[in-house]
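Structure first, commentary second.
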Amino acid sequence: MIIKLKQHAARKQIDHLTDWLVRQNLRVQLSEGEFETIIGVIGDTSHVDLHGIEGLEIVDQVIRISEPFKTANRKFHPDDSAVRVGTQQVGGGAFTLIAGPCSVESPEQILEIARKVRAAGATMLRGGAFKPRTSPYDFQGLQAEGLELLKQARAETGLPIVTEIMNLNHIELFADVDVIQVGARNMQNFDLLRELGRTRQPVLIKRGLANTIKELLMSAEYVMAGGNPNVILCERGIRTFETYTRNTLDISAVPVLKELSHLPVIVDPSHACGLARHVPALALASVAAGADGLIIEVHNAPEKALSDGAQSLRPEQFEQLARRLARIREAMLP
Ligand code: PEP
Ligand code: MN
């Protein structure tokens, strides 16, 4: 439920109302936007006297939120929310360019790629340490050692690190990770999401291979319901009948997610199509569709990559793409 307040509602009366709601065992989130102030109310509101609240002097309107996602709902928070990552922010007008290899493979590999993507304009470094592979015989990642190598690359380049968690018992191991990625295969690992809700670390949730937009928002809701508001959504392609590309980029997910939710939305064009030569077109289209950022796989020797080489850009291709992205972003200015 949301309570829209009249302009110039007195602070004392607002406090009075929120205190009362808390005493009704409800959680309250005050959102003071440029044009309106909203009280978001979470919990079972069926016993609450709506007409009584509507009759208050400071209240303009009371609206029940019919969608199952509440905290992630734009009705709850009309302005875009921004997720703070160190000195940067994701969303809220900023543009985030995450780049790096699918997997961290060696100290030399991650450092060389980190330096090159940084020089090309990347704002964060990606790299998988724990890898969800379809085959148990494929490279599973350097695991804890991979995390250490990412931290070394961060120390050297200053780039915040983005890496995937697969197991809820690893939360402590990830305490120093700047953005924790929940991969497509774990989008509905509710125990993991719930545990991430207890932290305050930024969480990047990738859309599952066969999940709807609403299901993605419900996964975000799991993390937010635990008290962690720092959620970033990621469209990474869904499985369709098309087999030419690895997945099908659902470009419409970008404007739809931004309409339904206030959370930042980024796109992964690499996993969406699986073919490096088509990654630039999808990346440019995503920005034109309004994405707040991109996560792109870049490898210094794609032909030798231990995972996802076919979809990885070379550093020089990434650099060229970054320049074209800047032009699209300029064209998108109001
Ligand atoms: C990845 O980012 O390397 C990855 C495995 O992504 P996804 O979960 O989207 O497949
Ligand atoms: Mn990958």
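As a basis for the values below, the full set of heavy atoms in this structure was taken, side chains included, without hydrogen atoms, waters or symmetry mates. Just so we're clear, the structure is a prediction, and the values are computed from it rather than from any experiment. Just so you know, ligand 1 is whichever comes first in the structure, and atom 1 is the first atom listed for that ligand.
Any N or O atom pair closer than 3.5 Å counts here, and K206 shares at least one such pair with ligand 1. Between D268 and ligand 1, no pair of N/O atoms sits closer than 3.5 Å. Looking at ligand 1, you won't find any N or O of D308 less than 3.5 Å from one of its N or O atoms. Considering both main-chain and side-chain atoms, A184 comes within under 3.5 Å of ligand 1 through a nitrogen or oxygen pair.
Those atoms of ligand 1 with a heavy atom of C102 less than 4.0 angstrom away are 3 (O). Atoms of ligand 1 found under 4.0 Å from any heavy atom of G183, numbered from 1 in the order shown, are 8 (O). Each of the atoms 3 (O) of ligand 1 lies under 4.0 Å from some heavy atom of E297.
No side-chain heavy atom of H262 sits under 4.5 Å from any side-chain heavy atom of D79. A 4.5 Å side-chain heavy-atom check between R185 and M166 finds every atom pair outside the cut-off. In this structure, M124 and V179 have side chains that are in contact, with non-hydrogen atoms separated by less than 4.5 Å. Looking at heavy atoms from C-beta onward, H16 lies out of side-chain contact with W20 at the 4.5 angstrom threshold. No side-chain heavy atom of L216 sits less than 4.5 Å from a side-chain heavy atom of N211.
The only option from R115, K151, R118 that meets the side-chain hydrogen bond (donor to acceptor under 3.5 Å, both in side chains) definition with E156 turns out to be R115.
Here the angle centred on the Mn ion (ligand 2), running from OD2 of D308 over to NE2 of H271, is 90°, rounded to 10°.
Note on E297: its N/O/S atom closest to the Mn ion (ligand 2) is OE2.
Few gaps surround CD on E242; more than 12 heavy atoms of other groups in view lie less than 6.0 Å from it.
Looking only at protein heavy atoms, the nearest one to atom 5 (C) of ligand 1 is E164 OE1, 3.7 Å. When only non-hydrogen protein atoms are considered, atom 9 (O) of ligand 1 lies nearest to R236 NE, 2.7 Å.
One option in Q311, M187, H271 has a heavy atom closer to atom 1 (C) of ligand 1 than any other, and that option is H271.
Ion pairing of D308 with K131 is absent here, as no side-chain N (NZ or NE/NH1/NH2) approaches a carboxylate O to less than 4.0 Å. Ion pairing between R314 and E303 holds under the 4.0 Å rule for side-chain N and carboxylate O.
Distances shorter than 4.0 angstrom do not occur between any heavy atom of R207 and any atom of ligand 1.
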